[in-house]
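A quick write-up on the structure given underneath.
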Amino acid sequence: MNTQEFIKIEEQYGAHNYHPLDVVIEKAEGVWVYDVEGRKYLDCLSAYSAVNQGHVHPEILKALLDQAKKVTLTSRAFRNDQLPLLYKELSEMTGYDMSLPMNSGAEAVETAVKLARKWAYQVKKVPRHQAEIIVAGNNFHGRTVTIISFSTEPLYRDDFGPFTPGFVVVEYGDAAAIEKAITPNTAAVLLEPIQGEAGVIMPPEGYLKSVAELCRKNNVLFVADEIQTGLCRTGKLFASQHEDVRPDIVIVGKALAGGFYPVSAVLADKPILGLFAPGEHGSTFGGNPLAAAVARASLKVLREEKLAERSAELGAYFVEQLSEIPSPHVKEVRGKGLLIGVELKPGAGGARRFCEALKAKGILAKETHDNVIRFAPPLVIDKETIDWALPAIRETLNMK
Ligand SMILES: *Cc1c(COP(=O)(O)O)cnc(C)c1O
């Protein structure tokens, strides 16, 4: 079957909740993906940073296959021999005492919301069911009803209410607004260290540090959603570390399983994560042995291939090269590590047409929020490949 035939079937039988580029991928390796016509593309999205380790990484593949032959699912009614080791390795790598495994990112965000509320009632003694969580405008934390309840994007919310109460939205990047919004009932501040989906929005320098200090001063938990910015994407294990911030709760997902499997987790120290008692929260698939084995291998690749350092180095180079492109359309190039956004001017005609043009030149990037092109290739990319892509990007950014 050819591209058009696959697309026709997909459009007929699938819900239209995405607007994908019309490329039908059938295999991938490292930074490259191949479509059903045999064309080869550089992946500059990395499945929204889920494949930081590169597509079909051989060591993660091996872990998946080996584990799949042994045991894949036990449920948490019984123990398995992979989850304890994932717990230990996550703790050693991140410095947090404990973790709680889930599957999708949204589930881990939901878990963090429940955890922050439980902490508020049990530890801070907020009157029951009065806890408030402060979030930022233009956030993206997932798609469940509770999470879209504090989204500010009409597209994510309209027609999906009634909404979950208990959230206060303030402007992203404004620490004073958070200070003003804190009340005796505030359980937590939940933020993305860089807002990826909003268009790679970087907060002003010192913002995370100020917020973390405000939280400490006011006995409020600082929760960082590092699902996209974490696990080496921005040049450090966590983006919060760029400001020496250690959030009370960190949420990870996406690259935690190198693109092989949905695995997410909430990380925190024992006085917080230790609050969950048996039966209060769970997931049939969360922490299953296949997920745990894949996550262990994925973390090992991040460490052994020094992907944080690589992202920092190559990201700085990529941003510098992109910034030097003379273009009538570009308003700003920004990013940290290999999480890069190219914001176009309002008159540029939207990012989509540039992504279509890049696709025709063998580069897959995706527009985010109409006027930003995100460049976030797998962290295993090398300088030669970036140099290969630059002329095509240069040409595209100069089209009529
Ligand atoms: C992708 C993402 C999520 C949601 O993860 P899913 O696995 O799609 O549920 C949450 N927060 C951030 C910052 C993300 O980028």
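Ligands are counted one by one from 1 in listed order, and the atoms in each one are counted from 1 as well. Quick note: residue numbers are just sequence positions, from 1.
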Testing the basics here: between Pro378 and Gly30, what is the closest heavy-atom pair and its distance to 0.1 Å?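 In terms of heavy atoms, the two residues are closest at CG-O, 3.9 Å.
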
Asp387 and Tyr317, any side-chain heavy atoms less than 4.5 Å apart: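 Yes. Closest side-chain heavy atoms under 4.5 Å.
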
Filter the ligand 1-protein atom pairs down to N or O on both sides and distance under 3.5 Å, then list them.
from     : atom 1 : to     : atom 2 : distance (Å)
ligand 1 : 7 (O)  : Gly105 : N      : 2.8
ligand 1 : 9 (O)  : Gly105 : N      : 3.3
ligand 1 : 9 (O)  : Ala106 : N      : 2.8
ligand 1 : 11 (N) : Phe140 : O      : 3.4
ligand 1 : 11 (N) : Asp225 : OD1    : 3.4
ligand 1 : 11 (N) : Asp225 : OD2    : 2.7
ligand 1 : 15 (O) : Gln228 : NE2    : 2.8
ligand 1 : 15 (O) : Lys254 : NZ     : 2.6

Neighbour count above 12 (heavy atom, 6.0 Å) for Glu313 CD: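 At most 12 heavy atoms, drawn from other residues, nucleotides or ligands, come within 6.0 Å of this atom.
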
Given the ring of Tyr96, does Arg246 sit roughly above its face, with NZ or CZ under 6.0 Å from the centre of the six-membered ring and within 45° of the axis?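 Positive - Arg246 is close enough to the ring of Tyr96 and near enough to its axis.
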
Quiz item: cation-pi between Arg216 and Phe222, 6.0 Å / 45°: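 Ring-cation test returns no.
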
Whether Arg310 and Glu305 form a salt bridge (side-chain N of Lys/Arg under 4.0 Å from carboxylate O of Asp/Glu) is what I want to check.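 Between Arg310 and Glu305 there is no salt bridge, as every charged N stays at least 4.0 Å from the carboxylate O atoms.
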
